[in-house]
Amino acid sequence: MNKRVIGFAVIITIVIATLVVFQEPQEQAEREDGEILQELKEENERLSQEILDLEYKAELYESRYYEQELQYEALTHSHEDLELRL
């Protein structure tokens, strides 16, 4: 009976040691995953803001393009009117 109790105690000790040894790397991996996830969220927010900035700039350039196009048309009509007067 003593051999069985000692054998059982050894097995329990091995199981507990195994759980402790493998639990720490798992917790560390979870912490690292959490840190990576946080970094990715921050990068995503930064890129989203950059996209918004680029869209705003694109709208500005588009409005400037249309303004210049209108100015060009006005100048073209003025030029045509001047040619007709001459």
Spatial distance of atom [atom1] ([X]) from atom [atom2] ([Y]) [nearest 0.5 Å]:
X     : Y     : atom1 : atom2 : answer
Gln71 : Thr76 : CD    : OG1   : 11.5 Å
Glu80 : Arg85 : CD    : CZ    : 13.0 Å
Leu52 : Leu47 : CG    : CG    : 11.0 Å
Lys41 : Glu45 : NZ    : CD    : 9.0 Å
His79 : Tyr72 : NE2   : OH    : 9.5 Å
Ser78 : Glu83 : OG    : CD    : 11.5 Å

>> If we count only N and O atoms by modelled type, under 3.5 Å, do the side chains of Tyr65 and Glu69 hold a donor and an acceptor together?
In response: yes
> Using a distance-only test with no angle check, is there a side-chain donor-acceptor pair under 3.5 angstrom linking His77 and Glu73?
Replying inline: no
> Charged N to carboxylate O under 4.0 angstrom, Glu67 versus Arg64?
Replying inline: no
> Do NZ/NE/NH1/NH2 and the carboxylate oxygens of Arg46 and Glu42 come within less than 4.0 Å?
Replying inline: no
